[in-house]
Structures are given as structure tokens and as C-alpha cells.
Chemist: 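Here it is, the structure, as C-alpha cells.
Sequence positions, counted from 1, serve as the residue numbers for this chain. If you're wondering where the values come from, they're calculated on a predicted model, not measured in any experiment.
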Amino acid sequence: MRTRPLKVALLGCGVVGSEVARIMTTHADDLAARIGAPVELAGVAVRRPSKVREGIDPALITTDATALVQRGDIDVVVEVIGGIEPARTLITTAFENGASVVSANKALLAEDGAALHAAAEKYGRDLYYEAAVAGAIPLVRPLRESLAGDKVNRVLGIVNGTTNFILDKMDTSGAGYSEALDEATALGYAEADPTADVEGFDAAAKAAILAGIAFHTRVKIGDVHREGITEVTAADIASARRMGCTVKLLAICERAADGASVTARVHPAMIPLSHPLASVREAYNAVFVEAEAAGQLMFYGPGAGGSPTASAVLGDLVAVCRNKLGEATGPGESAYTRLPVSPMGEVVTRYHISLDVADKPGVLAQVATVFAEQGVSIDTVRQQGKDGEASLVVVTHRAPDAALSGIVEALRKLDTVRGVASIMRVEGE
Ligand SMILES: NC(=O)C1=CN([C@@H]2O[C@H](COP(=O)(O)OP(=O)(O)OC[C@H]3O[C@@H](n4cnc5c(N)ncnc54)[C@H](O)[C@@H]3O)[C@@H](O)[C@H]2O)C=CC1
Ligand SMILES: N[C@@H](CC=O)C(=O)O
Ligand code: NA
């Protein structure tokens with residue numbers, strides 16, 4: 001074993017960073033044995049230097065992250081501060097100054113991954129980011145490496161722990177939305193600004209990263225159709241239950257049937273209780289990958305939280321250190337297919353539409369006509385009447401999303417439709 005240690009700079013010492021430091025310290029001997037050289041924490045950049053950080057030598061703490069990555073003797077920079085800047089500049093500076101990078105920063109990778117990969121390649125460094133998608137679950141590496149010889153056609157799953165935690169609590173214990181979000185934040189699952197979770201930005205970033213790797217093309221967060229969970233009500237969840245379904249925030253990345261384009265979307269959807277994704281509880285994530293030769297693969301595990309995320313960071317750290325010792329680099333960006341990303345309107349989906357209507361003859365026929373005019377066929381209709389008013393629940397067959405949203409617009413214009421109580425896509429059937 002080499003005695004000279006590999007030097008690691010840690011940028012950020014919050015929920016994830018503090019766990020990375022703890023595991024690096026407590027598992028130092030095992031990590032050295034697995035890598036073939038000791039790994040030494042050479043500096044920790046923080047915002048609040050006065051905070052007591054158990055197990056970290058105070059002499060390592062600095063508020064000058066730039067100086068740390070410019071030192072020139074750092075082998076690996078672990079970036080766990082999050083956000084676009086200064087993370088992007090710090091990572092690029094690390095590459096310029098001889099370090100490879102391990103990052104958990106999905107927001108940055110989904111915004112500017114191509115430029116970061118280009119910088120890594122230019123300087124001959126590694127850029128690893130297993131923690132950026134689905135926390136502890138090995139998913140980025142299997143897609144980048146294990147499935148590199150196959151053709152992936154679809155990636156579908158739950159990739160945000162916070163929103164899954166909130167929806168699960170609302171469904172199973174009747175908890176309120178804010179109460180469940182506060183709990184998820186206290187448990188270290190939420191982003192620094194939880195809007196990123198509940199409005200679907202975090203899942204959209206992960207979908208962009210997954211689609212890019214799976215289909216060997218470039219997908220940015222702005223290419224991903226995004227709807228969060230802020231408009232999912234207790235009534236939606238109760239309605240899903242009545243239909244034998246539950247509501248999950250899904251990320252779905254698909255290659256078009258003709259192979260000429262891809263789509264990536266994030267939105268709440270009803271899924272049947274019998275579907276494996278329905279039993280994904282709390283902050284767990286689960287992702288199905290469908291590949292031509294492999295068939296269907298399922299990845300499941302803790303999707304958020306300090307310790308699970310640190311596990312993924314440490315796995316990358318070991319891989320990058322091994323590459324350094326072998327004077328090699330791991331896989332870079334693979335974006336040779338250059339497939340365009342089609343808009344949401346072209347995605348084929350099913351809708352569950354709940355309407356408040358007047359309870360009088362002819363209403364059902366009027367509603368059915370709207371569907372027929374858009375060429376969308378109805379799967380089931382359920383009507384419940386009360387005091388001259390009725391609620392009508394329509395579930396459609398699969399149709400282009402544009403036609404389905406056209407239907408909702410047309411329904412809103414009918415005199416007999418008092419309101420569209422909820423619209424949700426249905427998946428997994
Ligand atoms: N918490 C989780 O479950 C997961 C988090 N991630 C990602 O990991 C990264 C870190 O997340 P958390 O640890 O949860 O966030 P956090 O907010 O707990 O920690 C980030 C830390 O970085 C520090 N920081 C910010 N700017 C800095 C700067 N310029 N110099 C030095 N320190 C700075 C902050 O003061 C904070 O302590 C983010 O990119 C996040 O998206 C990824 C997967 C799961
Ligand atoms: N906020 C994220 C953290 C992990 O990526 C989530 O809730 O999934
Ligand atoms: Na992961």
C-alpha cells in the first residue's frame with residue numbers, strides 16, 4: 001500500500017458533508033485498504049467557522065473555499081455545498097488545479113453538466129456524482145457503466161425523498177402538508193430551499209441527469225416538463241384511494257417508439273396500489289430501468305438524508321481515488337446520440353379527471369362529446385349525485401397529453417360543468 005495519503009478537500013459541512021467527514025474518519029483504515037493508499041481530509045470549507053464540528057480537526061476548517069481548491073496538492077474535491085454558484089466555479093477551479101471532483105449537486109449538473117464534463121476531460125480529471133440522483137441507491141454508476149452495452153428505453157420512478165415522504169404521510173396518517181414538510185426538513189431530506197422539492201425542480205434535475213445518461217444525449221433541467229406536489233390536495237389522495245390507487249411524484253424519461261427523440265417529465269400521478277412503486281414509503285426512492293437486452297430492472301433504497309447520501313459520495317470517492325492511483329479516469333460524458341427532447345404535448349398519457357357538474361339529464365352526454373371531439377376514448381366514468389349537483393370522475397385511455405389538456409379546457413367552458421376539481425395523470429397500468 002502507498003503510504004503517501006491522497007488529499008481530500010470537503011466543500012460544505014452540512015447534512016451530507018458532516019456525514020462524509022464522519023465516515024472518512026471512522027472508516028479510515030478500511031478506506032485505505034480498499035483504495036490502496038490512505039485518504040486524508042486536508043481541508044473543510046464552511047460558511048460558519050465558529051460552529052462546533054465533532055470529529056473534525058478545527059485546524060482544517062476554512063471559510064475560503066477558493067483558496068482550498070487552488071492549493072494544488074488536493075487530489076479530490078468533494079462538493080456538497082449545493083446550488084449553482086460558487087459550486088460551478090469551485091469545481092472548475094478544482095479541475096484546473098489538479099483535483100478530480102465528487103459532487104452531490106444535481107441542480108448544477110442538470111444546468112451545466114456538459115460544461116463540467118468538458119472541463120473534467122480537458123484537464124484529465126474525474127467527475128463522479130452518484131449521490132446526485134436517488135441518494136444512496138446505485139443508479140448513476142449502473143447506467144454509466146453496467147448498462148453501457150445495452151439500450152435503455154425507459155427510466156421511471158420516484159426520485160425525490162421529501163415529496164414522497166409528504167405524500168406518504170398525507171396518505172397513510174392523514175398528516176397535513178406543512179407538518180409533513182417540516183418533518184422532512186428536520187430529518188435532513190429537503191433541499192436548502194424546499195421549494196426545489198415541492199415544486200418538482202429537484203426531481204426534474206434528476207430526470208435530466210438520468211435521461212442524459214440513459215439515452216446518451218444532453219438533457220437540461222429546462223427540457224423537463226415539471227409539475228410539483230403543491231396542488232395535490234387531501235381530496236385528490238382520498239379520491240385515488242377510492243380507485244385503489246395512491247399518488248406519487250414520478251420522474252419518467254422515455255425514448256420515443258421510433259427512437260428519434262426522447263421525453264422527460266416530472267409530475268404527480270395516480271398509480272395502482274398493486275404497483276411496486278405504491279409501496280415506496282417515507283423518503284425511499286425506487287426507479288425502474290427498462291433496457292432492450294436486460295429487460296426491467298428495479299433500483300430501490302434510501303433516496304435522501306445525510307448518511308445514505310454520504311454512502312454514495314464515499315463510493316465515488318473510493319472509485320476516484322483508485323483511478324488516481326492507477327493514473328486513469330473513469331467514464332466521461334456520453335452524449336453522442338444528440339436526440340431532441342420532445343414537448344410534453346407529444347407524450348402519451350392517461351388522465352383521471354374529477355368534475356363538479358349539474359345533476360341533470362344530458363350532462364354525461366355533453367361531457368362524453370368533448371372527449372369524442374378530441375379523439376380521446378374514455379375508460380371509466382363514475383357519477384355521484386347530491387342535491388342537484390354531482391361529481392363525475394372520468395378516467396381516459398392513453399392519448400397525447402396535448403389532446404387531454406385540450407379536453408380539460410373544453411370541459412371548463414361547458415355551462416353544466418361547475419368546476420374541474422382535479423386532474424391527474426394515471427401511470428403504471
Ligand atoms: N440532504 C440530502 O438528502 C441530499 C442532498 N444532496 C445534495 O447535497 C448537497 C448538500 O446538501 P445538504 O448537505 O443537504 O445541504 P446543507 O444545506 O445541509 O449543507 C450545505 C452546507 O454548505 C455550506 N455552504 C454553502 N455555501 C458555501 C460556501 N461557499 N463555502 C463553504 N460552505 C458553504 C452551508 O453553510 C451548509 O452548511 C446539495 O447539492 C444537495 O442537493 C444530494 C442528495 C441527498
Ligand atoms: N431533497 C432531496 C435530497 C436528495 O436528493 C430529496 O428529498 O430527494
Ligand atoms: Na444514487
Side-chain angles (χ1 to χ4, degrees), residues 154-177 180 198 200 203 207 225-254 265-288 290 296 298 300 303 344 347-357 367 371 376-384 390-401 403-405 407-408 411 419-429:
R154 194 164 191 241
V155 181
L156 172 150
I158 296 165
V159 294
N160 182 271
T162 302
T163 47
N164 199 62
F165 185 89
I166 295 171
L167 293 172
D168 180 38
K169 294 284 168 198
M170 285 171 77
D171 191 2
T172 56
S173 68
Y177 172 89
V198 296
H225 173 86
R226 174 192 55 79
E227 293 167 39
I229 63 158
T230 48
E231 282 171 21
V232 177
T233 61
D236 290 330
I237 292 173
S239 165
R241 274 272 147 188
R242 279 195 296 278
M243 284 187 53
C245 290
T246 188
V247 177
K248 295 288 186 191
L249 184 73
L250 299 184
I252 306 173
C253 312
E254 290 169 309
R265 55 190 160 119
V266 165
H267 55 72
M270 281 188 185
I271 51 168
L273 290 170
S274 57
H275 193 280
L277 288 178
S279 48
V280 176
R281 305 283 309 273
E282 304 212 320
Y284 278 75
N285 286 184
V287 178
F288 285 95
E290 290 171 21
Q296 197 175 65
M298 184 178 178
Y300 171 79
M344 184 63 190
V347 171
V348 176
T349 60
R350 298 176 65 205
Y351 271 29
H352 171 281
I353 305 170
S354 176
L355 304 169
D356 295 326
V357 296
V367 167
F371 283 81
V376 174
S377 79
I378 292 174
D379 182 13
T380 57
V381 182
R382 207 182 62 228
Q383 185 170 6
Q384 217 169 22
S391 89
L392 199 63
V393 176
V394 182
V395 182
T396 71
H397 281 298
R398 281 160 63 79
D401 203 81
L404 290 162
S405 47
I407 284 173
V408 174
L411 289 172
V420 179
S422 86
I423 313 155
M424 203 166 290
R425 296 184 184 87
V426 181
E427 296 287 339
E429 285 177 323

Chemist: For a 4.5 angstrom cut-off between non-hydrogen side-chain atoms, does V347 reach H225?
Modeler: no
Chemist: Can a donor-acceptor pair be found, under 3.5 Å and without considering hydrogens, that links the side chain of S354 to the backbone of S422?
Modeler: no
Chemist: In the structure I gave you, are the side-chain heavy atoms of L277 and L250 within less than 4.5 Å of one another anywhere?
Modeler: yes
Chemist: Please check: side-chain N/O of N164 versus main-chain N/O of V280, any donor-acceptor pairing under 3.5 Å?
Modeler: yes
Chemist: For D236, check salt bridge (charged side-chain N to carboxylate O under 4.0 Å, His left out) against everything at least two apart and list the hits.
Modeler: none
Chemist: Which atom names give the shortest non-hydrogen contact between G200 and V266, and what distance separates them?
Modeler: O-CG1, 4.1 Å
Chemist: I want to check something: taking the side chain as every heavy atom from C-beta on, are V394 and Y351 in contact at a cut-off of under 4.5 Å?
Modeler: no
Chemist: Parallel, tilted or perpendicular: which describes the rings of H275 and F288, with under 30° parallel and over 60° perpendicular?
Modeler: perpendicular
Chemist: Nearest 0.5 Å, what's the CG-CG distance between N160 and N285?
Modeler: 7.0 Å
Chemist: Taking the side chain as C-beta and beyond, is there a heavy-atom pair between M270 and K248 under 4.5 Å?
Modeler: no
Chemist: Work out which heavy atom in A180 is nearest to a heavy atom in K169; give both atom names and the distance.
Modeler: CB-CB, 4.0 Å
Chemist: Check whether any side-chain heavy atom of V395 sits under 4.5 Å from a side-chain heavy atom of M243, and report yes or no.
Modeler: yes
Chemist: For Y284 versus I158, what's the shortest heavy-atom pair and its separation?
Modeler: O-CG2, 4.0 Å
Chemist: Please report the closest heavy-atom contact between A286 and Y300, naming both atoms and the distance.
Modeler: CB-CD1, 3.8 Å
Chemist: Quick one: CD on E290 to CG on L156, what's the gap to the nearest 0.5 Å?
Modeler: 7.5 Å
Chemist: Less than 4.5 Å apart, side chain to side chain, heavy atoms only: is that true for I353 and F371?
Modeler: yes
Chemist: How many angstroms lie between atom CG of L355 and atom CG of L411, to the nearest 0.5 angstrom?
Modeler: 5.5 Å
Chemist: Shortest non-hydrogen contact from M170 to A234?
Modeler: CE-N, 4.2 Å
Chemist: Is the backbone N or O of A235 less than 3.5 Å from a side-chain atom of S239, with the two atoms forming a donor-acceptor pair by type?
Modeler: no
Chemist: Any idea which heavy atoms bring V376 and A399 closest together, and the distance?
Modeler: CG2-CB, 3.8 Å
Chemist: Check this for me: does any side-chain nitrogen of one of E427 and R350 sit under 4.0 Å from a carboxylate oxygen of the other?
Modeler: no
Chemist: Answer whether the closest heavy-atom distance between the side chains of V232 and L249 falls below 4.5 Å.
Modeler: no
Chemist: Applying ring pair (Phe, Tyr, Trp, His ring centres under 6.0 Å), name anything that partners Y177, two or more places apart in sequence or on another chain.
Modeler: none
Chemist: Which value, rounded to the nearest 0.5 Å, describes the distance between I423 atom CD1 and E231 atom CD?
Modeler: 9.5 Å
Chemist: Under 4.0 Å between a Lys/Arg side-chain N and an Asp/Glu carboxylate O for R265 and E254?
Modeler: yes
Chemist: When you measure from the side chain of D168 to the backbone of E282, do you find a donor-acceptor pair of N or O atoms at a distance under 3.5 Å?
Modeler: yes
Chemist: Surrounding CD of Q296 (heavy atoms of other residues, nucleotides or ligands, distance under 6.0 Å), is the total greater than 12?
Modeler: yes
Chemist: Nearest 0.5 angstrom please: S391 OG to Q383 CD, how far?
Modeler: 8.0 Å
Chemist: Please report the interatomic distance CZ(R242) to CD1(I237), rounded to the nearest 0.5 Å.
Modeler: 12.0 Å
